[in-house]
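Below, all heavy atoms of this structure are taken into account, side chains as well, without hydrogens, waters or symmetry copies. Letters go in sequence order (proteins before strands), and every chain restarts at 1. The structure presented is a predicted model; accordingly, all values stated were derived computationally and were not measured.
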2 protein chains.
Amino acid sequence: MKLLDIGEVAERSGVAPSALRYYEDLGLITSAARKGLRRQFGPEVLLQLSLITLGKAAGFSLQEVEGMFGKDGQPDLPRDQLHERADALEAQIRELTLLKEALRHVADCPAPSHLECPKFQKLLQAGSITAEV
Amino acid sequence: MKLLDIGEVAERSGVAPSALRYYEDLGLITSAARKGLRRQFGPEVLLQLSLITLGKAAGFSLQEVEGMFGKDGQPDLPRDQLHERADALEAQIRELTLLKEALRHVADCPAPSHLECPKFQKLLQAGSITAEV
DNA sequence: CTGCCAATTGAAGCCAACTTGAGGTCAAGG
DNA sequence: CCTTGACCTCAAGTTGGCTTCAATTGGCAG
């Protein structure tokens, strides 16, 4: 059973040592032991960090990530809750996709002023963002 | 020429008065006048706020949004920045998709430990996020 | 004219997710 | 044995985007 120094975990995971200590504080990961003062991490922490990093990249807060995966990296949510999450993700993906396409369009729109482009106006209204002018 | 009280702008735009003052501090919006101490906003501010809100939703910082207005407050959208942002959105969408599939899989996978399930590991590696375990 | 209530100011506070700094520990190599 | 350098702890600082607070002002209805 090989244990890893925090520096090695940092290097292999791309997560800074200070962040690793922070995660441990939060309870997202656990160090397996100490050698003197030094934390020793079990190798499974690398996989857990993958999950954390993935979740963060997907826009979740650390708290939310914690809720999706337990300390051991095993999901501790019941199946239907997991599916609910996935559904929510799908919805978010659709929204982002719309926004992305809108941005693309605006970037390429040849109208002299964006304000005059009907599609742009639609975009502003689509989000129900537009105030009643 | 109708001028709007900050409270009315807040209500119509959905942006809190404190945020409006903050935006004014930053130079994102300008009040047209004062009536006593009270700011009076011109109606064009509502359109600007739509853009600001949209920009925020797309993941731009207020600084970046500020760069999207000309001196006159007319939108002056930087096309390549928009494309960059769209690219970033695409990346985020990919992450979300990955996470979504991971969740779905986890919900349905019969393997005793998900971490050992090859399909699950593949999902994690697909993002090239995984550390070299 | 009076009193209410919305608006004003500047400073301070808050949250997340870390990073930085100061001062201390300790295991291993020469 | 001694030095080195990676690690430790705890506190404070950082950034962005606001919100909250206390004390004050002033427009407007009655």
Which of D:dC8, C:dT8, D:dT20 is nearest the side chain of B:R21? It is C:dT8
d(A:R39 CZ, A:L20 CG) to nearest 0.5 Å is 9.0 Å
- Message: Any non-hydrogen side-chain atom of B:I52 less than 4.5 Å from a side-chain atom of B:V15?
- Response: no
CD (B:Q81) and CG (A:L103) are apart, to the nearest 0.5 Å, by 11.5 Å
Any chance you could lay out the side chain to side chain contact (heavy atoms under 4.5 Å, CB included) test for A:V65 and A:M68, step after step, and finish with the verdict? CA-CA 5 Å; A:V65 170; A:M68 282 182 217; 5.6 Å; no
Rounded to the nearest 0.5 Å, the OH atom of B:Y23 sits from the OG1 atom of B:T30 at a distance of 14.5 Å
Each nucleotide N or O in nucleotides 13-17 of chain D that has a protein N or O under 3.5 Å away: list the pair and distance.
residue : atom : partner : partner atom : Å
D:dG17  : OP1  : B:L62   : N            : 3.3

message: Looking at B:R38 and C:dA6, is any side-chain donor or acceptor paired with a base atom of the opposite kind under 3.5 Å?
response: yes
Here the distance between atom P of C:dG23 and atom CG of A:L37, to the nearest Å, is 18 Å
Under a 4.0 Å heavy-atom cutoff, the residues of residues 83-91 of chain B touching DNA chain C are none
Interatomic distance, CG@B:L89 vs CD@B:E84, rounded to 0.5 Å, equals 12.0 Å
Between CG of A:L20 and P of D:dT9 the distance, given in whole Å, is 13 Å
Rounded to the nearest 0.5 angstrom, the CZ-CZ distance for A:F60 and A:R85 is 6.0 Å
B:I6 has its side chain closest, among D:dC7, D:dC8, C:dT8, to C:dT8
Distance-only check: which donor-acceptor pairs under 3.5 Å involve side-chain atoms of residues 90-100 of chain A, not counting sequence neighbours?
residue : atom : partner : partner atom : Å
A:E90   : OE2  : B:R104  : NH2          : 3.1
A:T97   : OG1  : A:I93   : O            : 2.6

Whole-Å distance, A:E24 CD to D:dC7 C1', equals 13 Å
Of the listed C:dT19, C:dT9, D:dG26, the closest approach to the A:A16 side chain comes from C:dT19
Whole-Å distance, B:L3 CG to D:dG27 C1', equals 15 Å
The nucleotide from D:dT9, C:dA7, D:dC28 with an atom nearest the side chain of A:R39 is D:dT9
Side-chain atoms of B:S18 come closest, of D:dT20, D:dA6, C:dT9, to D:dT20
Distance col, row B:D5:CG vs B:Q40:CD, nearest 0.5 angstrom, shows 5.0 Å
Taken to the nearest whole Å, CZ/A:R34 to C1'/C:dC26 is 13 Å
